[in-house]
Asks: 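Structure provided below as structure tokens; questions to follow.
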Amino acid sequence: GRGDSGLMGRERRVATRGLVIGKFYPPHRGHKYLIDTARAAVDTLTVIVCDHPGEIPDASLRAEWLREIHPDAEVRVVDDCVPADDSRGWAEYTVRCLGYAPDVVFTSEDYGEAYARFLGCRHVLVDRARREMPISGTRVRADPLGCWEYLEPPVRGYYARRVCLVGAESTGKTTLARQLAEHYRTVWVPEYGREYSERKLEADGCYRWESAEFAHIARTQCEWENAAARRANRILVCDTDAFATSIWHRRYLGRRSPEVEAIAASHRRPDLYLLTDVET
């Protein structure tokens with residue numbers, strides 16, 4: 001009896017649900033500051049990414065980045081179908097999308113107060129003057145390399161300029177890749193096929209290739225490249241790419257590989273190719 005009366009005498013705490021809404025076009029550390037501030041103040045946080053046709057990177061990719069950056073927030077994508085200046089319309093649309101009205105909405109914009117009022121919840125304005133994080137999506141889109149310090153790794157991986165070296169064997173690709181990376185104070189991606197073939201020769205004593213091996217090499221090369229792009233200092237130097245793997249397939253097996261070519265075609269193409277000369 002005493003235990004029950006003790007519980008009844010305590011004030012029952014109600015979980016708070018927070019909301020952050022925006023385009024995050026693209027996500028930057030100003031957005032991170034806003035979301036981190038919101039997450040620290042509520043029990044659960046939902047982040048809504050507004051999807052407008054023609055925006056690149058698209059909303060699904062921006063949401064994927066936000067889920068990685070903020071794994072403890074729920075990230076949803078909704079169509080950007082309400083006029084930007086219609087706070088009442090956005091509030092009603094938000095409730096329809098969520099199925100409820102949040103307890104508090106966090107923004108860094110002037111629209112936040114009216115939007116929260118129509119939602120019937122509190123509004124917290126975060127760094128409106130951009131003193132903590134002097135950055136905007138417009139600036140990032142105009143000059144992503146100039147805004148590098150304000151981007152998180154997955155976003156850096158998207159915007160990093162990729163330079164790929166291609167050419168015949170023993171024409172200095174690896175040496176040049178290493179030197180370029182050192183000069184630009186960035187990282188470079190070794191040729192996985194070279195490492196794989198050296199292990200194969202050591203294990204088998206000869207080069208007896210199967211088509212599936214080239215597909216494995218192409219996929220791994222793409223994975224290495226994407227992982228390195230996140231660590232790059234604006235420029236990523238690549239010692240070959242998956243397209244070159246498709247050429248090696250034709251050389252060793254005497255035929256094309258639709259699988260390897262599909263892997264190469266689906267991967268991001270370099271911003272610049274450098275072809276090393278056979279006289280190098």
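Note that the coordinates shown come from a computational prediction; the quantities given were computed from them, not determined experimentally. Note that the numbering runs from 1 along the sequence shown for the chain.
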Asks: Before you tell me yes or no, could you show the steps for S136 and R130 under side chain to side chain contact (heavy atoms under 4.5 Å, CB included), namely the whole-Å CA-CA distance, both residues' side-chain angles and the distance that decides it to 0.1 Å?
Replies: CA-CA 9 Å; S136 69; R130 306 296 193 268; 5.5 Å; no

Asks: Can you find a pair of side-chain heavy atoms, one from H123 and one from T107, that are under 4.5 Å apart?
Replies: yes

Asks: Measuring only between side-chain heavy atoms, which start at C-beta, is V49 closer than 4.5 Å to V75?
Replies: yes

Asks: So which atom in Q221 and which in P190 form the shortest heavy-atom distance, rounded to 0.1 Å?
Replies: NE2-O, 3.0 Å

Asks: Could you grab the distance from atom CZ of R256 to atom OG of S246, nearest 0.5 Å is fine?
Replies: 8.0 Å

Asks: Step through the shown structure and confirm whether more than 12 heavy atoms of other residues, nucleotides or ligands are within 6.0 Å of CD1 on I56.
Replies: no

Asks: Between the side chains of R128 and D110, is the shortest nitrogen-to-carboxylate-oxygen separation below 4.0 Å, so that they form an ion pair?
Replies: yes

Asks: Let me confirm one number: the CD1-CG distance from I235 to L180, rounded to the nearest 0.5 Å.
Replies: 9.0 Å

Asks: Would you mind reporting whether D36 and H70 have side-chain heavy atoms less than 4.5 Å apart?
Replies: yes

Asks: When rounded to the nearest 0.5 angstrom, what distance separates NE2 in H28 from OH in Y150?
Replies: 10.5 Å

Asks: Measuring from atom OG1 of T138 to atom OH of Y25, what distance do you get when rounded to the nearest 0.5 angstrom?
Replies: 9.5 Å

Asks: Flag the pair D239 / V189 as yes when at least one side-chain heavy-atom distance between them is below 4.5 Å, and no otherwise.
Replies: no

Asks: Which of parallel (below 30°), tilted (30 to 60°) and perpendicular (above 60°) describes Y159 and W65?
Replies: tilted

Asks: Are the aromatic rings of H216 and Y196 close, with centres under 6.0 Å apart?
Replies: yes

Asks: Kindly say whether the aromatic ring centers of W209 and F214 come within a distance under 6.0 Å.
Replies: yes

Asks: Would you mind listing every salt bridge (charged side-chain N to carboxylate O under 4.0 Å, His left out) that reaches into residues 163-185, with sequence neighbours excluded?
Replies: E169-R251

Asks: With sequence neighbours excluded, what pairs up with R39 under the salt bridge (Lys or Arg N to Asp or Glu O under 4.0 Å) test?
Replies: D72

Asks: Decide if the gap between the ring center of Y115 and the ring center of W90 is smaller than 6.0 angstrom.
Replies: no

Asks: Given side chains that start at C-beta, do those of V166 and T276 come closer than 4.5 Å, heavy atoms only?
Replies: no

Asks: When you measure from the side chain of S266 to the backbone N and O of A262, does any donor-acceptor pair fall under 3.5 Å?
Replies: yes

Asks: Can you list every pair that meets salt bridge (charged side-chain N to carboxylate O under 4.0 Å, His left out) and has a residue in residues 206-216, with sequence neighbours left out?
Replies: K200-E213

Asks: In terms of hydrophobic clustering (I, L, V, M, F, W, Y; side-chain heavy atoms under 4.5 Å; direct or indirect links), are V20 and L98 co-clustered?
Replies: no

Asks: Looking at A232 and V187, what are the two nearest heavy atoms and their distance?
Replies: CA-CG2, 3.8 Å

Asks: Show me the pairs that pass salt bridge (charged side-chain N to carboxylate O under 4.0 Å, His left out) and involve residues 140-158, at least two apart or across chains.
Replies: R29-E152

Asks: Write down the atom of A229, the atom of R162, and the distance for their closest heavy-atom approach.
Replies: CB-NH2, 3.6 Å

Asks: Determine whether the side chains of D127 and S108 contain a donor N or O and an acceptor N or O closer than 3.5 Å.
Replies: no

Asks: Would a hydrophobic clustering, with Ile, Leu, Val, Met, Phe, Trp and Tyr connected at side-chain separations under 4.5 Å, put F243 with L275?
Replies: yes

Asks: Can you list, pair by pair, the side-chain donor-acceptor contacts under 3.5 Å of residues 76-85, counting residues two or more places apart and other chains?
Replies:
residue	atom	partner	partner atom	Å
R76	NE	E74	OE2	2.9
R76	NH1	C97	O	3.0
R76	NH2	E74	OE2	3.3

Asks: Over all heavy atoms of both residues, which pair between L151 and P144 is shortest? Give the atoms and the distance, please.
Replies: CD1-O, 3.8 Å

Asks: Do other residues, nucleotides or ligands put more than 12 heavy atoms under 6.0 Å from the CZ atom of R268?
Replies: yes

Asks: Identify the two heavy atoms, one from F106 and one from G18, that lie closest to each other, and give their separation to 0.1 Å.
Replies: CE1-CA, 4.4 Å

Asks: Is any NZ, NE, NH1 or NH2 atom of the basic residue among E113 and R117 found under 4.0 Å from an Asp or Glu carboxylate oxygen of the other?
Replies: no

Asks: Atom NE2 of H267 and atom OG1 of T245: how far apart are they, to the nearest 0.5 Å?
Replies: 10.5 Å

Asks: How about H31 and F24: are their ring centres within less than 6.0 Å of each other?
Replies: yes

Asks: Run the side chain to side chain contact (heavy atoms under 4.5 Å, CB included) check on L272 and C164 step by step: do they pass?
Replies: CA-CA 6 Å; L272 175 68; C164 180; over 6 Å; no

Asks: Might you confirm whether atom CZ of R131 has over 12 heavy atoms from other residues, nucleotides or ligands at distances under 6.0 Å?
Replies: no

Asks: At their closest point, which heavy atom of A168 faces which heavy atom of T171, and how far apart are they?
Replies: O-OG1, 2.7 Å

Asks: Can Y100 be reached from V104 by stepping across I, L, V, M, F, W or Y side chains whose heavy atoms are under 4.5 Å apart?
Replies: no

Asks: Would you mind listing every salt bridge (charged side-chain N to carboxylate O under 4.0 Å, His left out) that reaches into residues 58-67, with sequence neighbours excluded?
Replies: E55-R62

Asks: Is there a donor in the side chain of T174 and an acceptor in the side chain of R194, or the other way round, less than 3.5 Å apart?
Replies: yes

Asks: Could you tell me if R234 sits above the aromatic ring of Y184, with its cationic atom closer than 6.0 Å to the ring centre and no more than 45 degrees from the axis?
Replies: no

Asks: Under 4.5 Å between any side-chain heavy atoms of V163 and D271, yes or no?
Replies: no

Asks: Do I48 and L19 have side chains that get closer than 4.5 Å, going by heavy atoms?
Replies: yes

Asks: Show your working on side chain to side chain contact (heavy atoms under 4.5 Å, CB included) between I21 and Y111 and close with a plain yes or no.
Replies: CA-CA 11 Å; I21 185 170; Y111 71 76; 3.9 Å; yes

Asks: Counting only heavy atoms not in E202, do more than 12 fall under 6.0 Å of its CD?
Replies: no

Asks: Are V47 and V105 connected in a single hydrophobic cluster, I mean Ile/Leu/Val/Met/Phe/Trp/Tyr linked by side-chain heavy atoms less than 4.5 Å apart?
Replies: no

Asks: Please tell me whether T16 and D43 have a donor and an acceptor in their side chains that are separated by less than 3.5 angstrom.
Replies: yes

Asks: Distance from S197 atom OG to W248 atom CH2, nearest 0.5 Å?
Replies: 8.5 Å

Asks: Flag the pair P57 / Y158 as yes when at least one side-chain heavy-atom distance between them is below 4.5 Å, and no otherwise.
Replies: yes

Asks: Do you reckon L165 sits in the same ILVMFWY cluster as V278, going by side-chain contacts under 4.5 Å, direct or chained?
Replies: no

